[in-house]
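Just below is one structure, and these are the notes that go with it.
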There are 2 protein chains.
Amino acid sequence: MDVVLQRLSGRWTPHILWALANNGPTRFGELRRLMPGRVSAKSMSERLQILEADGLVDRRAEPTTPPEVTYSLTERGQDMDEILRAMHSVAERWEASQGPET
Amino acid sequence: MDVVLQRLSGRWTPHILWALANNGPTRFGELRRLMPGRVSAKSMSERLQILEADGLVDRRAEPTTPPEVTYSLTERGQDMDEILRAMHSVAERWEASQGPET
DNA sequence: CAGAATCCCTTGCGATACTG
DNA sequence: CAGTATCGCAAGGGATTCTG
């Protein structure tokens, strides 16, 4: 379980996986804009590299100018969807039946 | 979703909730021993206070000497079980079909 | 557009020592 | 037993600046 936790660690990691799961292959900038809140390009880039190294995300760069880099979920990355959906489910339930502050 | 993520944050948080879900009310020391790896008493205590403040965990202290403090899941804490089980499920699948390094 | 390079700051956590 | 008090460190991430 620790290994799963570790791969999900990082402020934006779950959001990134969630966005890719729901939007399919997405470009860097767009992915960044899909995040709820401000993410620095640095954090985004770093995290995506880690996710790629972890085998959860696939990176495909078109060698054009300007560059067009698209990220997508690997099979292993899609495994996470089960967890993300559970989170989303809980989140919606909490939001619905009362507005849990903070 | 962010609120759920935030409540699950912390190195030991998911493990704590998971342990409480599977073992029922558990005393401080025992809970600490159930963690996979070394946890300082400080971290454990801090995190439990946060979990209590977040309304996920209930703390019941028997005013004896030596003290006997028991932690358990609140209803809201049990909501997390859905997520934890998903994590556990993925963890087992990964562990079974190959030994994902790291 | 998609980063890489710096700089800096906050947070989380462990180790250790102490207490009612 | 179940904490609290201190100290110190490393990781994560934001802001900013620069580039092919």
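In what follows, chains carry the letters A, B, and so on, assigned in the order in which the sequence lines appear, proteins first and then strands, with residues in each chain numbered from 1.
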- Quick one: Tyr71(A) OH to dA2(C) C1', roughly how many Å, whole number? 7 Å
- Task: Take atom CG of Leu51(B) and atom C1' of dG12(C), then tell me their distance rounded to the nearest Å.
- Result: 14 Å
- Message: Using OP1 and OP2 only, check whether a side-chain N or O of Gln49(A) sits under 4.0 Å from dA4(C).
- Response: yes
- Message: Nearest to the side chain of Ser40(B), heavy atoms from C-beta on, is which of dG3(D), dC1(C), dG14(C)?
- Response: dG14(C)
- Query: With a non-hydrogen cut-off below 4.0 angstrom, is Arg59(A) in contact with a base, only sugar-phosphate, or nothing?
  - Reply: sugar-phosphate
- Message: From C-beta outward on Lys42(A), which listed nucleotide comes closest to its side chain: dA2(D), dG14(C), dA15(D)?
- Response: dA15(D)
- Message: Nearest to the Arg38(A) side chain among dG3(C), dA15(D), dA2(D), which nucleotide is it?
- Response: dA15(D)
- Note on the structure: Nearest heavy-atom approach of Arg27(B) to Pro67(B) is NH2-O, 3.5 Å
- Can you figure out which of dG3(D), dC1(C), dG3(C) approaches the side chain of Arg33(A) most closely? dC1(C)
- What nucleotide among dG14(D), dT4(D), dC13(C) has an atom nearest to a side-chain atom of Arg11(B)? dC13(C)
- Message: Classify Ser45(A) by what it touches in the nucleic acid, base, sugar-phosphate, or nothing, heavy-atom distance under 4.0 Å.
- Response: sugar-phosphate
- Heavy atoms only: give me the nearest Asp2(A)-Pro36(B) pair and the separation to one decimal. OD2-O, 4.5 Å
- Residue whose closest nucleotide on DNA chain C lies nearer the 5' end, Thr70(A) versus Glu46(B): Thr70(A)
- Could you please name the option among dG3(D), dG20(C), dG13(D) that lies closest to any side-chain atom of Pro67(B)? dG20(C)
- Query: Which listed nucleotide (dG3(C), dA5(C), dC13(C)) is nearest to the side chain of Arg47(B)?
  - Reply: dC13(C)
- Query: Ignoring hydrogens and geometry, is there a side-chain-to-backbone donor-acceptor pair from Thr26(B) to Gly24(B) under 3.5 Å?
  - Reply: yes
- Message: Between P on dC13(C) and CG on Leu5(A), what's the gap in Å once rounded to a whole number?
- Response: 12 Å
- dC1(C) P sits how many Å from Met44(A) CE, rounded? 14 Å
- Could you pull out the closest heavy-atom pair between Met87(B) and Leu8(A), with the gap in Å? CE-CD1, 4.3 Å
- If you pin Gly10(A) and Pro66(A) to their nearest nucleotides in DNA chain D, which one's is more 5'? Gly10(A)
- Query: With respect to the phosphate group of dC1(D), does any side-chain polar atom (N or O) of Arg27(B) fall under 4.0 Å of OP1 or OP2?
  - Reply: no
- Item | Phe28(A) CZ - dA2(C) P separation (whole Å) | 7 Å
- Query: When the distance from CZ of Arg32(A) to C1' of dA4(C) is rounded to whole Å, what number comes out?
  - Reply: 13 Å
- Message: Less than 4.5 Å apart, side chain to side chain, heavy atoms only: is that true for Glu46(B) and Trp12(B)?
- Response: no
- Please confirm whether the backbone N or O of Val39(A) pairs with a side-chain atom of Ser43(A), one donor and one acceptor, at under 3.5 Å? no
- Query: For Trp12(A) and dG13(D), what is the distance between atoms CH2 and P respectively, to the nearest whole Å?
  - Reply: 9 Å
- Item | Integer-rounded Å distance: dG3(C) P and Leu31(A) CG | 10 Å
